[in-house]
Amino acid sequence: MEFEVKKTSGKARVGVLKLPHGVVRTPVFMPVGTNANVKLLTPRDLEEAGAEIVLSNTFHLMLKPGVEIIRLHGGLHKFMGWKKPILTDSGGFQVFSLPKLKIDDEGVTFKSPIDGSKVFLSPEISMEVQIALGSDICMAFDHCPPPDADYEVVKEATERTYRWALRSKEAFKTENQVLFGIVQGGVYPDLRKKSALQITSIGFDGYAIGGLSIGEERSLTLEMTEITVEYLPEDRPRYFMGGGSPELILELVDRGVDMFDSVFPTRIARHGTALTWKGRLNLKASYNKRSLDPVDEQCGCYTCKNFTRSYIHHLIDRGEVLGQILLSLHNVSFMISFMDEVRRSIEEGTFREFKGKMIDVYSSGGV
Ligand SMILES: CNc1nc2c(CCNCC3CCCCC3)c3nc(N)[nH]c(=O)c3cc2[nH]1
């Protein structure tokens with residue numbers, strides 16, 4: 001894997017990440033695909049929208065359809081028909097929200113949400129599954145503590161994450177795939193620094209900022225990101241897990257983060273909300289009933305080129321899935337274009353102005 005920082009503007013940076021299945025320009029927004037698909041969008045839609053990398057994850061796929069079926073296809077790229085890079089999460093976080101039967105140093109035993117059976121996940125099993133999936137970027141198996149966890153609980157999860165990171169790297173015997181480490185530490189500055197030093201001491205191809213965007217105050221999200229980034233190497237990609245909205249992404253780019261994933265744009269699309277250059281737009285609202293305008297006149301996506309707000313309002317109102325499909329396509333296209341503008345403003349040295357303008361737009365609510 002090659003990662004090159006091309007331009008910086010303050011802590012914000014533009015980079016190029018060369019992976020087995022293609023090149024990714026950073027900062028990058030990565031559409032999330034649970035169950036080996038980005039909901040309501042085909043790989044062709046994603047390609048047209050300009051997506052360069054998508055996410056999937058170990059936890060869901062090892063349960064259904066199971067590694068065997070994906071192996072049968074020669075890996076996840078073939079299975080889901082996506083030829084560009086894929087990043088897979090390690091499953092550590094996904095089990096975080098499930099009733100955990102047991103979590104100890106060996107690994108996590110949880111109840112399958114599919115059939116209630118007992119499932120065991122460990123660093124070794126997570127690596128074995130991600131190697132079989134053939135994802136370009138694999139994530140170390142980590143323990144993300146709950147958001148309300150006290151210092152001792154976070155300390156224990158952070159120490160375990162370090163031991164599991166060592167075991168993940170040890171078990172990651174594969175060519176043509178890269179492994180990112182994950183930094184924990186909750187909202188405690190000393191644990192954040194310790195975790196960053198521990199994880200970077202192992203040596204990974206890239207580093208993720210974990211354990212955030214799980215309900216903590218925004219100011220803590222930003223402060224913990226700053227502390228973590230301080231101890232990460234300049235020449236490696238930094239991936240903030242699970243964030244986020246356009247305004248959060250701007251704040252994090254400004255603090256030196258390169259990669260982002262979030263279900264947010266596709267989830268709000270399914271609920272009838274579009275992201276536009278003038279803020280959020282609620283297509284369910286009656287003021288869109290008669291509007292002949294496109295969702296966003298500055299957007300070149302298929303939805304904005306071919307349909308009016310009135311038509312999409314009608315589809316949503318009638319519960320037609322086409323309404324959700326058209327908004328999902330628009331929101332992903334918007335996020336990709338948004339990141340194009342982020343990169344351009346960093347290259348032109350105008351990132352702070354762009355950030356200021358877009359944060360005003362997005363914190364003043366909708367259009
Ligand atoms: C939403 N906030 C948030 N997400 C986090 C995630 C998940 C990131 N998104 C992965 C996708 C989820 C849908 C299926 C495909 C993979 C985190 N993951 C890990 N391993 N560790 C975290 O601390 C960790 C922390 C996170 N915080």
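All ligand and atom numbering here is 1-based and tracks the order in the structure.
Aromatic ring centres of Phe110 and Phe59: separated by under 6.0 Å. Proximity of the aromatic rings of Phe338 and Phe354 is defined here by a centroid distance below 6.0 angstrom, and this criterion is met.
Here Glu347 pairs with nothing under the salt bridge (Lys or Arg N to Asp or Glu O under 4.0 Å) rule; sequence neighbours left out.
Classification of Glu156 and Arg160 as a salt-bridged pair holds, one side-chain N sitting under 4.0 Å from a carboxylate O.
Listed by first and then second residue, the side-chain hydrogen bond (donor to acceptor under 3.5 Å, both in side chains) pairs that reach into residues 291-305 are Lys278-Glu297, sequence neighbours excluded. The list of side-chain hydrogen bond (donor to acceptor under 3.5 Å, both in side chains) pairs with a residue in residues 198-208, not counting sequence neighbours, reads Glu159-Gln198.
Contact residues for ligand 1 (protein heavy atom closer than 4.0 angstrom to any ligand atom): Val32, Thr34, Leu55, Ser56, Asn57, Asp89, Ser90, Phe93, Gln94, Asp142, Cys144, Ile182, Gln184, Gly210, Gly211, Leu212, Ser213, Ile214, Met241, Gly242, Asp261.
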